[in-house]
Amino acid sequence: MAEKRMFAKGIIDSDMFLDMPPTSQNLYFHLGMRADDEGFINNAKRIMRDVRASDSDMRTLIQNQYIIPFDSGVIVITHWRLHNWIRKERIHPTSCEAEKALLEMDGTGKYRLKNSDVSQLSDTCQTNVSQVSDVRQTNVSQVPDKCQLSIDKNSIDKNSSSIARARAYHDNDEMSSIFHFYEENFSTISGFTAEVLEGLRDAYSSEWVMQAMKTCVKAGRQKCNIKYLEGVLKGWKADGGAKPWKQSSKAESEAKKKFEEEKKAYRREVKWY
């Protein structure tokens with residue numbers, strides 16, 4: 001088996017990937033480094049324990065379709081062929097032949113279940129997330145081995161259903177403007193992003209979220225991401241005030257005015273030769 005692995009920037013630099021929790025991203029990289037030459041992993045639970053990842057991290061990867069789980073506990077990296085291309089004569093065939101037989105390659109080089117028949121994942125292997133405690137207190141052994149890495153057949157499409165739900169809001173719904181502004185100025189909305197935005201709305205209010213997104217846009221394109229948005233909201237909450245963005249705008253205006261005055265004073269003092 002090859003000792004070196006690669007990751008396609010088009011996948012790991014996408015907003016959907018970067019919007020995931022850092023612990024989920026870390027787990028993805030470790031799984032990718034330990035997969036066999038065809039992208040299959042038969043010891044995912046051990047890797048999770050070694051890197052102290054939680055069941056929530058694994059579930060996030062499944063929901064965002066970065067991995068595909070099987071009843072046996074085996075998983076496969078969905079975008080494996082996009083990450084790594086190995087010459088046929090150098091490939092060590094996977095030992096997970098039964099799981100490989102359930103897959104096919106789509107036109108973009110991604111693995112997918114044949115005929116999109118997610119019902120091939122048995123009903124007895126639906127993930128029971130309620131059995132798992134807090135992310136940093138997760139005891140992997142508390143979850144049945146056979147069911148730990150599997151999800152019910154509806155969960156695989158959760159990402160796409162969340163996107164549909166994000167766009168299904170009526171025009172008079174307060175979330176409609178938030179989703180619309182995000183897609184216009186940030187990026188397309190993934191299922192994970194939709195849930196985060198809803199959570200921020202519940203925690204701060206739709207007005208706060210909207211104003212925070214506008215602040216991100218003013219700060220520049222690189223600041224238009226969920227992490228920076230959450231930071232702006234937390235900063236406003238710490239500062240206090242009913243509408244902290246007005247105070248921030250005032251402070252920015254005063255700072256800009258002071259800068260311009262200092263620049264003019266400097267020009268008057270400088271002697272040109």
Side-chain angles (χ1 to χ4, degrees), residues 1-2 5-8 10-12 14 16-17 20 24-25 27-48 55-129 143-165 188 190-192 194:
M1 186 170 70
R5 296 301 184 207
M6 301 180 68
F7 295 91
I11 304 299
I12 63 174
S14 66
M16 181 182 291
F17 186 87
M20 293 194 302
S24 298
Q25 297 179 35
L27 176 59
Y28 182 78
F29 287 125
H30 278 281
L31 292 173
M33 289 300 299
R34 290 166 172 78
D36 65 23
D37 285 354
E38 295 189 77
F40 290 84
I41 304 158
N42 61 6
N43 62 340
K45 288 185 291 183
R46 175 183 175 181
I47 296 173
M48 290 171 66
D55 186 74
S56 176
D57 296 321
M58 180 64 75
R59 185 182 61 206
T60 297
L61 293 178
I62 295 172
Q63 290 174 351
N64 285 282
Q65 301 181 27
Y66 285 111
I67 64 172
I68 299 174
F70 298 92
D71 295 350
S72 60
V74 171
I75 65 173
V76 65
I77 307 294
T78 306
H79 303 88
W80 181 256
R81 294 292 180 87
L82 301 178
H83 291 314
N84 295 278
W85 184 85
I86 304 174
R87 288 184 295 182
K88 290 184 178 181
E89 62 270 19
R90 299 187 62 181
I91 289 181
H92 288 72
T94 182
S95 60
C96 306
E97 296 180 357
E99 289 78 14
K100 182 180 178 180
L102 299 176
L103 299 172
E104 63 182 4
M105 199 71 66
D106 69 8
T108 64
K110 296 188 300 183
Y111 280 124
R112 68 182 178 189
L113 292 169
K114 289 182 178 178
N115 302 320
S116 299
D117 186 9
V118 295
S119 62
Q120 294 178 74
L121 302 180
S122 67
D123 294 333
T124 59
C125 292
Q126 297 176 359
T127 299
N128 186 356
V129 180
V143 183
D145 289 342
K146 191 176 180 182
C147 299
Q148 176 140 14
L149 298 178
S150 300
I151 56 175
D152 68 27
K153 57 186 179 182
N154 293 322
S155 295
I156 290 182
D157 291 326
K158 182 175 180 182
N159 183 50
S160 56
S161 65
S162 295
I163 297 174
R165 177 168 52 84
T188 54
S190 66
F192 176 76

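Quick caveat: nothing in here was measured; it's all calculated off a predicted structure.
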> If you measure from OG1 on Thr78 to CD on Gln65, what distance do you get to the nearest 0.5 Å?
Replying inline: 7.0 Å
>> Which heavy atom of Gly32 sits nearest to which heavy atom of Trp80, and what is that distance?
In response: O-CZ3, 3.5 Å
> Say you draw a straight line from CD1 of Ile62 to OG of Ser24; how long is it, rounded to the nearest 0.5 Å?
Replying inline: 10.5 Å
> Below 4.5 Å, heavy atoms only, C-beta onward: do Ile11 and His83 meet side chain to side chain?
Replying inline: yes
> Taking atom CZ of Arg34 and atom CG of Asn43, what is their separation to the nearest 0.5 Å?
Replying inline: 8.5 Å
> Any side-chain heavy atom of Ile68 within less than 4.5 Å of one from Glu99?
Replying inline: no
> Side chains of Asp37 and Arg5: closer than 4.5 Å at any heavy-atom pair?
Replying inline: yes
>> Is it the case that over 12 heavy atoms from other parts of the model lie below 6.0 angstrom from the CE atom of Met6?
In response: no
>> Between Phe70 and Lys100, is there a side-chain heavy-atom distance shorter than 4.5 Å?
In response: no
> Is any side-chain heavy atom of Ile41 less than 4.5 Å from a side-chain heavy atom of Ile67?
Replying inline: no
>> Could you measure the distance from the CD atom of Gln25 to the OG1 atom of Thr60? Nearest 0.5 Å is fine.
In response: 10.5 Å
> Roughly how far, to the nearest 0.5 Å, is CD1 of Ile12 from NE2 of His79?
Replying inline: 12.0 Å
> Are the side chains of Leu113 and Leu103 in touch, meaning some heavy atoms are under 4.5 Å apart?
Replying inline: yes
>> Less than 4.5 Å apart, side chain to side chain, heavy atoms only: is that true for Arg81 and Glu38?
In response: yes
> Met33 versus Phe7: any side-chain heavy-atom pair under 4.5 Å?
Replying inline: yes
> Which pair of heavy atoms, one from Ala35 and one from Ile77, lies closest together, and at what distance?
Replying inline: CB-CG1, 4.4 Å
>> Restricting to side-chain contact (heavy atoms from CB on, under 4.5 Å), what partner residues turn up for Ser14, sequence neighbours left out?
In response: Met16, Phe17, Tyr66
